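Heads up, the thing below is written out as structure tokens.
In this chain, numbering begins with 1 at the start of the sequence shown. Please read these numbers as outputs of a predicted model, since none were measured by experiment.
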Amino acid sequence: MAGEEGEIALSRQDLREVTAFAAACAETVLEVFEGDHPDDARPRDALGAAWEFARGGERGKALRDTAWAALKAAKSADTTAAREAARAAMTAAGAAYLHPLAKATQVKHILGAGAHAARAAELVADDDRSVGIDHLERMVRRATPTVVDVLKRFPTAPSGGGRLGELIRMLDADLRSLTHVN
């Protein structure tokens, strides 16, 4: 249903598919966090909550709480790679809260988990940027037509944000260039 001017139409199914995409992206680096913090389940719990919503669960307090807990886990992590991996999980849970606002900043809800995951992978590989680009290419293949369609409803990703912002913009451009998804 279309909203007021400046709003994007988003269905519950759109949000579920965006969240599933974000969770799939974040899962690829969960072991980076867990390798450093094997007894801290907060990022894994956030991914579990994201998957539960993506598969038909409620978008409620538990989902939001696990996202905040994963952010706290990121802040307490010892390495930058582990922090990025926990942020990927946090962003995956937060993807369920994509706002229907025609603002470029909302693209981070769709692509943030993928960018954080790619950055974590780069950092594990001694900041090898080709590793991040390889991660992004795999994420593009994971995107469903619905995810691409939802992304294209929003303005392109905003400028700034350092390396993370670069990764978001690369993923944004790659997904928007698709005419079909394999």
Working for side chain to side chain contact (heavy atoms under 4.5 Å, CB included), residues Thr156 and Val107 | CA-CA 7 Å; Thr156 58; Val107 171; over 6 Å; no
Between [X] and [Y], is there a side-chain N and carboxylate O pair less than 4.0 Å apart?
X: Glu166; Y: Arg129; answer: yes
X: Glu84; Y: Arg87; answer: yes
X: Asp78; Y: Arg83; answer: no
X: Arg176; Y: Asp172; answer: yes

[Y] backbone acceptor or donor facing [X] side chain under 3.5 Å:
X: Arg59; Y: Ala96; answer: yes
X: Gln106; Y: Leu101; answer: no
X: Arg16; Y: Gly57; answer: yes
X: Arg142; Y: Phe21; answer: no
X: Arg169; Y: Gly160; answer: yes

Shortest non-hydrogen pair, Ala113 vs Ala22, comes out as CB-O, 3.4 Å
Heavy-atom closest contact (Ala117 atom, Ala26 atom, distance) = CB-CA, 4.5 Å
Do Asp174 and Arg141 pass the salt bridge (charged side-chain N to carboxylate O under 4.0 Å, His left out) test, and can you show the C-alpha distance, the side-chain angles, and the key distance before you say yes or no?
-> CA-CA 10 Å; Asp174 289 348; Arg141 290 191 297 273; over 6 Å; no
Taking it one step at a time, do Phe154 and Lys103 satisfy side chain to side chain contact (heavy atoms under 4.5 Å, CB included)?
-> CA-CA 7 Å; Phe154 289 87; Lys103 294 186 176 184; over 6 Å; no
From CG (Asp134) to CG (Asp128), nearest 0.5 Å | 8.0 Å
Atom CG of Leu175 and atom CG of Leu178: how far apart are they, to the nearest 0.5 Å?
-> 5.5 Å
Given side chain to side chain contact (heavy atoms under 4.5 Å, CB included), test Phe53 with Arg12 step by step and report yes or no.
-> CA-CA 10 Å; Phe53 171 73; Arg12 181 65 52 130; 3.9 Å; yes
Given Arg42 and Ser76, is the side chain to side chain contact (heavy atoms under 4.5 Å, CB included) satisfied, shown in steps?
-> CA-CA 11 Å; Arg42 293 176 292 181; Ser76 68; 3.3 Å; yes
